[in-house]
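Order of the sequence lines sets the chain letters (A, B, ...), proteins ahead of strands, with each chain counted from 1. Quick caveat: nothing in here was measured; it's all calculated off a predicted structure.
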Amino acid sequence: MNEPHIYAAIHAEVLDAMRGLYPALAEDSIARIVVEPPRDATHGDMATNAALVSAKPLRLAPQAIAQALAARLAGTATIREATPAGPGFVNIRLDEDWLRSRLPAVLLSGAAYGEGTIGTGKRVDVEYVSANPTGPMHVGHCRGAVVGDALANLLAKAGFDVTKEYYINDAGAQVQALAYAAYFRYLQALGTTMSEDEYALLVPGGLQYRGEYLVPVGKALAEAHGDAYALADAEHGFGLRDPGEWLAPVRAFTIERMMESIREDLAALGVTMDVFISEATLIERDAVTTAIATLDAKGLVYQGILEPPKGKTPEDWEPREQTLFRSSQFGDDTDRPLRKSDGSGTYFANDIANHADKIARGFNALVHVWGADHGGYVKRMQAVVKALSDGAVTIDIVLCQIVQVVKNGEPVRMSKRAGTYVTLADLIDEVGKDAVRFTMLTRKADAQMEFDLDKVKEQSRDNPVFYVQYAHARCRSVLRQMPDATAQSLAAAPLDTLTDPAELALLRRILAFPRMIESAAEAREPHRVAFYLADLASDFHGLWNRGREDATLRFIREDEPAATQARLALVAATASVIRAGLAVMGVTPVEEMR
RNA sequence: GGACCCGUAGCUCAGCUGGAUAGAGCGCUGCCCUCCGAAGGCAGAGGUCGAAGGUUCGAAUCCUUUCGGGUCCGCCA
């Protein structure tokens with residue numbers, strides 16, 4: 001069990017002090033007290049708003065409370081100095097001995113450092129990727145995959161019991177069209193002379209998926225079933241047999257193959273799912289009907305007619321009575337249809353079943369990572385979860401904005417026809433899995449991103465992938481020179497020689513890691529890990545560079561074995577924290593730069 | 001027409017859920033390598049946080065309006 005991190009420790013001290021000073025202070029005011037790093041580091045290590053938030057309930061001047069609080073906090077073993085400031089802040093300067101004393105625990109906990117407790121006892125389901133199984137994954141899926149995976153890792157790090165989930169859209173018209181496309185490749189494998197365009201005229205919706213990736217599927221079908229699914233045809237050799245005789249098995253076979261390739265792509269990206277949920281299976285289990293019935297029992301389903309969409313009304317719009325869900329009662333703009341005119345469930349209805357299933361599986365919190373094009377879907381899904389769980393289950397939806405791939409300063413156009421379609425596998429081949437993952441996390445999810453293929457491979461200060469990896473490699477290179485130093489031996493080293501501002505800055509950064517994990521998890525923002533690591537790397541490189549001008553600041557000094565041990569402890573802790581952070585991001589640390 | 005996301009230094013972006021004099025990298029300017037850790041280092045300039053109102057002790061952050069950019073918008077998934 002980790003001891004509380006430094007912010008939690010000081011927060012507890014501040015609360016104690018406030019309770020001691022003002023026994024009458026209500027708990028809801030106490031709950032608003034925070035301890036944070038001040039924006040300006042010259043103000044100290046931490047600052048608290050305790051006086052500001054309790055001034056009104058106590059009917060006292062904030063400055064007076066700040067005075068009293070500062071007096072009470074100063075001079076403990078942890079706090080060297082507490083001073084009232086500004087409108088009523090109390091600035092806190094930590095005792096440096098205390099800070100140094102926290103380092104051994106970092107070394108000893110190793111990869112576990114930063115594990116938090118905010119998620120303890122909570123089960124969270126993170127659903128991401130969920131690409132339709134109609135073809136290979138492309139860069140458009142990539143950001144969601146990385147963000148979702150890192151977010152899941154982050155939540156696990158913060159103490160949640162996490163399930164990584166992939167929802168397979170294997171029920172609708174898209175996979176039907178996919179099956180027809182695979183069937184064409186099957187006929188080709190048998191030797192049909194029919195052209196794509198001829199075939200397109202024979203099947204509903206035409207030939208929608210013309211990619212080469214279905215060729216092996218067609219071959220496999222031919223190997224497995226011979227010509228049993230085809231019809232001898234004088235003109236082309238082989239032609240279309242009644243779909244009733246082959247469509248279902250061909251569809252199942254093709255989806256299975258597509259999912260295999262998706263799993264491979266994900267594995268190349270370092271993503272492994274815990275659970276795959278099939279939309280078709282939910283329908284077979286009658287989960288959709290059941291879920292709608294549940295909503296109906298709550299009085300949230302009715303027959304009604306929707307207003308036409310505002311603005312551009314579709315040509316063929318006509319008012320129609322439909323089965324609707326009252327999502328507008330939960331903040332959605334309008335109610336939403338549950339059944340198509342043929343009586344089958346809409347995609348939305350199926351997704352309601354999916355969420356009812358999640359809730360039934362006992363999750364306390366649901367998280368989705370979606371592309372920006374699903375933005376319009378957010379409110380209705382939140383409405384569903386609120387309605388089904390009576391507000392007991394939380395749902396957070398992280399929207400990832402578009403990624404623009406740039407090469408040689410030119411945007412790469414995404415076009416299947418022009419052959420400039422960038423698959424995920426291509427991207428990984430080009431820059432490597434680690435660079436892809438790290439780079440995808442160097443923007444917050446809701447900002448658009450440019451993925452510059454050249455920049456990502458660049459070895460310079462402004463490429464954070466390189467910069468962070470380089471810091472780790474430098475740490476490892478120093479440690480390799482002192483092979484006797486282990487985490488255990490370094491954890492026992494006296495640290496009182498660590499007094500240089502650059503050393504202390506690095507130490508403070510290391511000690512801030514658990515708090516960063518906590519707040520990033522709470523905000524569902526994995527990109528913060530990347531920014532933290534860049535800052536940590538910057539502190540480390542800064543210290544390294546100091547050693548260039550001032551030889552007494554080098555890590556290894558033959559004449560000063562004690563100081564060397566202390567610095568190695570700092571270096572080992574730095575490497576350890578970088579590894580812990582990269583682990584959350586799903587990036588493999590490097591031992592040396594090449 | 002409506003919904004959602006973004007708008008912060010010349011450029012690319014952070015800003016820890018409302019805190020103090022708004023930060024980083026790149027670029028720019030000026031210094032620093034015959035050698036010792038320069039794929040670099042140090043210092044400096046650069047901002048009415050798109051605009052206008054509002055909420056309060058306090059706003060880049062919350063609300064309203066508005067201007068740009070993006071993603072979408074009834075039985076598609």
With both distances under 3.5 angstrom, what nucleotide forms a Watson-Crick or G-U wobble pair with B:G44?
B:C28

Toward the 5' end of RNA chain B, which comes first, A:L52 or A:R336, by nearest nucleotide?
A:L52

Of the nucleotides B:U17, B:C4, B:A20, which one has an atom closest to the side chain of A:A523?
B:U17

Partner nucleotide, any strand, of B:U34 [Watson-Crick/G-U, under 3.5 Å]:
none

Closest to side chain of A:D446, choosing from B:A39, B:C6, B:C36
B:C6

Can you tell me which nucleotide in B:G74, B:C16, B:C36 comes closest to the side chain of A:L306?
B:G74

Listing time: all N or O pairs from protein to nucleotides 62-72 of chain B that are below 3.5 Å?
from, atom 1, to, atom 2, distance (Å)
B:U71, O2', A:A372, O, 2.9
B:U71, O2', A:D373, N, 3.1

Which nucleotide, in any strand shown, forms a Watson-Crick or G-U wobble pair with B:C4, with both distances under 3.5 Å?
B:G70

Closest nucleotide among B:U56, B:C4, B:A20 to the A:A85 side chain
B:A20

Check every strand shown and say whether A:E522 touches a base, only sugar-phosphate, or nothing at a heavy-atom separation below 4.0 Å.
base

Should A:K379 be listed as having a side-chain N or O under 4.0 Å from OP1 or OP2 of B:A3?
no

Distances for protein N or O near nucleotides 42-46 of chain B N or O, under 3.5 Å:
none

Between the main-chain N or O of A:P337 and the side-chain N or O of A:T346, is there a donor-acceptor pair closer than 3.5 Å?
yes

Counting side-chain heavy atoms from CB outward, which of B:G19, B:A77, B:G15 is closest to A:E36?
B:G19

Give a yes/no verdict on a cation-pi contact between A:R380 and A:F348, requiring under 6.0 Å between NZ or CZ and the six-membered ring centre and an angle within 45° of the axis.
yes

Does any non-hydrogen side-chain atom of A:F531 lie less than 4.5 Å from one of A:M516?
no

Both distances under 3.5 Å, Watson-Crick or G-U wobble: report the partner of B:C16, or none.
none

Using a cut-off of 4.0 Å on non-hydrogen atoms, how would the nucleic acid contact of A:G172 be classed: base, sugar-phosphate, or nothing?
sugar-phosphate

Regarding A:R528, tell me which of base, sugar-phosphate or nothing describes its non-hydrogen contacts under 4.0 Å with the strands shown.
sugar-phosphate

Nearest of B:A3, B:C16, B:C13 to any side-chain atom of A:F531?
B:C13

Rounded distance in Å between the P positions of B:C16 and B:G7:
12 Å

For nucleotides B:G50 and B:U61, find the distance between their P atoms and express it as a whole number of Å.
8 Å

Is the base of B:C33 syn or anti, where syn means the angle lies within 90° of 0?
syn

B:A39 - base-pair partner by Watson-Crick or wobble geometry, distances under 3.5 Å
none

Please work out whether the ring planes of A:Y532 and A:F513 are parallel, tilted or perpendicular, with thresholds of 30° and 60°.
tilted

Donor-acceptor pair, distance only, cut-off 3.5 Å: does the side chain of A:Q469 make one with the backbone of A:V590?
yes

When we call it a touch if two heavy atoms are under 4.0 Å apart, what does A:S341 touch: a base, just sugar-phosphate, or nothing?
base

Would you tabulate the pairs of protein nitrogen or oxygen atoms and nucleotide nitrogen or oxygen atoms of nucleotides 23-25 of chain B closer than 3.5 angstrom?
none

Verify the contact: side-chain N or O of A:K444 to OP1 or OP2 of B:C13, cut-off strictly under 4.0 Å; return yes or no.
no

For A:R143 and A:Q401, indicate whether the former's side chain and the latter's backbone hold a donor-acceptor pair under 3.5 Å.
yes

Remember a base hit wins even if backbone is also touched, and classify A:A520 as base, sugar-phosphate or nothing at under 4.0 Å, heavy atoms.
nothing

Using a heavy-atom cut-off of 4.0 Å across all strands, would you classify A:N350 as base, sugar-phosphate, or nothing?
nothing

Output for pair (A:I397 CD1, A:I395 CD1), nearest 0.5 Å, gives 4.0 Å

In terms of relative ring orientation, are A:Y347 and A:Y377 parallel, tilted or perpendicular, with 30° and 60° separating the classes?
tilted

Span that lies between the P atom of B:A77 and that of B:A20, in whole angstrom:
50 Å

So do the side chains of A:V90 and A:I65 get within less than 4.5 Å of each other, counting heavy atoms only?
no

When all nucleic acid strands are considered with a 4.0 Å heavy-atom cut-off, which category describes A:Y467: base, sugar-phosphate, or nothing?
nothing

Pair A:K444 + A:E525, salt bridge at N-O below 4.0 Å:
no

Regarding A:Q174 and A:N132, is there a side-chain donor-to-acceptor distance under 3.5 Å anywhere?
no

Quick check: are there more than 12 heavy atoms from other residues, nucleotides or ligands sitting under 6.0 Å from NZ of A:K457?
yes

Is B:G58 paired to anything, Watson-Crick or G-U wobble with both distances less than 3.5 Å, and if yes, which nucleotide?
none

Determine whether the aromatic ring of A:F89 stacks with the base of B:A20, defined as ring centroids separated by less than 5.5 Å and ring planes inclined by less than 30°.
yes

Compute whether any side-chain donor of one residue and acceptor of the other, for A:D357 and A:N354, lie under 3.5 angstrom apart.
no

Taking A:E127 first and then A:K358, would you say they form a salt bridge - that is, a charged N and a carboxylate O separated by under 4.0 Å?
yes

Need the glycosidic conformation of B:U61: syn if within 90° of 0, anti if not. Which one?
anti

